[in-house]
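Beneath this line is the structure, given in structure tokens, with notes to follow.
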Protein chains: 2
Amino acid sequence: MLVVVTERRTRHRGERASEAETIHRDRIEPARASILDSGDADQLARRFKVLSDAGRLRIIYALLEVGEMRVGDIAAAVGSSESATSHQLRQLRDGGLVRSRKVGRSVNYRVADTHVRLLLDVAIEHYLHDHGTAP
Amino acid sequence: MLVVVTERRTRHRGERASEAETIHRDRIEPARASILDSGDADQLARRFKVLSDAGRLRIIYALLEVGEMRVGDIAAAVGSSESATSHQLRQLRDGGLVRSRKVGRSVNYRVADTHVRLLLDVAIEHYLHDHGTAP
DNA sequence: TGAATATATGAACATATGTTCATGTATTAC
DNA sequence: GTAATACATGAACATATGTTCATATATTCA
């Protein structure tokens, strides 16, 4: 759900008490409207948050390469403990980035869909673009 | 710089001391190679981390709509303090997502390039795809 | 059945993160 | 010049996050 901002202007503590406060309502309004239109920023942020850990990214790349792996093999591949890896996998799963299926007494994980790779590719491309490194 | 993992298998504390440890080296190696090829996971994670905060996303969307805004107007648009907004803008700037230029005694910020919007669009598309909501 | 294996999970702990508050630095206005 | 404005910045603080460790839950094997 979106939280609609209705106040005219929130005075925050620590700001010097002045009456000048040049409010450019004409500049602010379209921006505010865009925020509402853009969908819930919190949900989008949550999505990026899952990708904002190097360990989780390593897991995703490992899975993208191999296709499907058990938790233990993933842990070995990324050089982390099985417990930490399990915790990370849960976040990836909750975020809809990977899926799992039980095989015997182990659990195999795989990347959920092609959008994940696309998102990573765009992010890397952006980085390369910024730093002038050859793609 | 990439840190190449060379150990055979790191035993982590808390794991039951067993000698079974079925190591599927053939499955792990290609994954590890992929991680190395994919570039530094830490740097990519840092990039996503900048986008993993709702406040920063709101700032970006505000700037995408208006084009260029002063710090004070951005703060008003997203409903945050000027100090907090300034801190956020610094991260966005360090991450190469926005750029600034001084105008009089204020500072105008704008989104750095078109890759930013693309990245956001792909992320949103992915989310919609996952949740079956109509795009 | 009981032991071993594979993974999941929760509490504790250390570290990271974002906001606030106070202050610093430019720049404009008077 | 001094005052006011606009933004930046650093320390302090509360909260979030990721790892470890100890268990819990399946599942296979003997």
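All values reported here derive from a predicted model rather than from experimental measurement. Each chain gets a letter, A, B and so on, in the order its sequence line appears, and its residues count up from 1. All heavy atoms count here, side chains included; hydrogens, waters and symmetry mates do not.
The shortest distance between side-chain heavy atoms of B:Leu64 and B:Leu120 falls below 4.5 Å. Residues A:Tyr109 and A:Val66 have side chains not in contact (no heavy-atom distance under 4.5 Å, counting atoms from C-beta outward). Put simply, the side chain of A:Asp42 reaches to within 4.5 Å of the side chain of B:Arg58, judged on heavy atoms.
Of the inter-residue distances, the one linking A:Leu89 atom CG with A:Arg99 atom CZ reads 15.0 Å to the nearest 0.5 angstrom. Note that CZ of B:Arg47 and CG of A:Leu51 are 14.0 Å apart. Values are rounded to the nearest 0.5 Å.
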Could I get a table of every N or O pair under 3.5 Å where one atom is in the protein and the other is in nucleotides 9-12 of chain D?
unit_1, atom_1, unit_2, atom_2, d
D:dT9, O4, B:Ser83, OG, 2.8
D:dG10, O6, B:His87, NE2, 2.9

Detail all sub-3.5 Å separations between protein N/O atoms and N/O atoms belonging to nucleotides 15-17 of chain D.
unit_1, atom_1, unit_2, atom_2, d
D:dT17, OP1, A:Lys49, NZ, 3.4

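The two residues A:Leu119 and B:Val122 make their nearest non-hydrogen contact at CD1-CG1, 3.7 Å. Heavy-atom minimum distance, A:Ile59 versus A:Gln88: CD1-CB, 3.7 Å. Scanning both residues, B:Ala45 and A:Ala54, for their nearest heavy atoms gives CB-N, 3.4 Å. Scanning both residues, A:Gln91 and A:Val50, for their nearest heavy atoms gives O-CG1, 3.9 Å. The shortest heavy-atom contact between A:Gly104 and A:Lys102 is O-CG, 3.6 Å.
Nearest-nucleotide positions on DNA chain C place A:Asn108 closer to the 5' end than the other of A:Asn108 and B:Ala84. Checking A:Val103 against A:Gly55, the closest nucleotide of DNA chain D that is more toward the 5' end is the one next to A:Gly55. Nearest-nucleotide positions on DNA chain D place B:Ser100 closer to the 5' end than the other of A:Thr85 and B:Ser100.
When the P atom of D:dG18 is taken as reference, atom CD1 of A:Ile59 falls 11 Å away, rounded to whole Å. Between B:Leu92 atom CG and D:dA8 atom C1' the separation is 15 Å, expressed in whole Å. Distance A:Asp73 CG to C:dA6 P: 9 Å, rounded to the nearest Å. Spacing between atom CZ of A:Arg70 and atom P of C:dA8 amounts to 12 Å, rounded to whole angstrom units. Summarising the geometry, the separation between CG on A:Leu89 and C1' on D:dG18 is reported as 14 Å, rounded to the nearest angstrom.
The phosphate of D:dA26 has neither OP1 nor OP2 within less than 4.0 Å of any side-chain N or O from A:Lys102. Distances shown here put a side-chain N or O of B:Tyr109 below 4.0 Å from the OP1 or OP2 atom of D:dA8.
Here the nucleotide nearest the side chain of B:Arg105, chosen from C:dT7, D:dG18, D:dA6, is D:dA6. Side-chain atoms of B:Val71 lie closest to D:dA8 of the nucleotides D:dA8, D:dA6, D:dT28.
With respect to A:Ser100, the side chain to side chain donor-acceptor pair (under 3.5 Å) criterion is satisfied by exactly one of A:Arg93, A:Arg90, A:Glu68: A:Arg93. Partner of B:Asn108 under the side-chain contact (heavy atoms from CB on, under 4.5 Å) criterion, out of B:Val103, B:Leu63, B:Val71: B:Val103 alone.
Defining each end axis of the helix from C:dT1-D:dA30 to C:dC30-D:dG1 as the rotation carrying four pairs' C1' atoms onto the next four, with five pairs an end, the two axes are found to diverge by 10° to 10 degrees.
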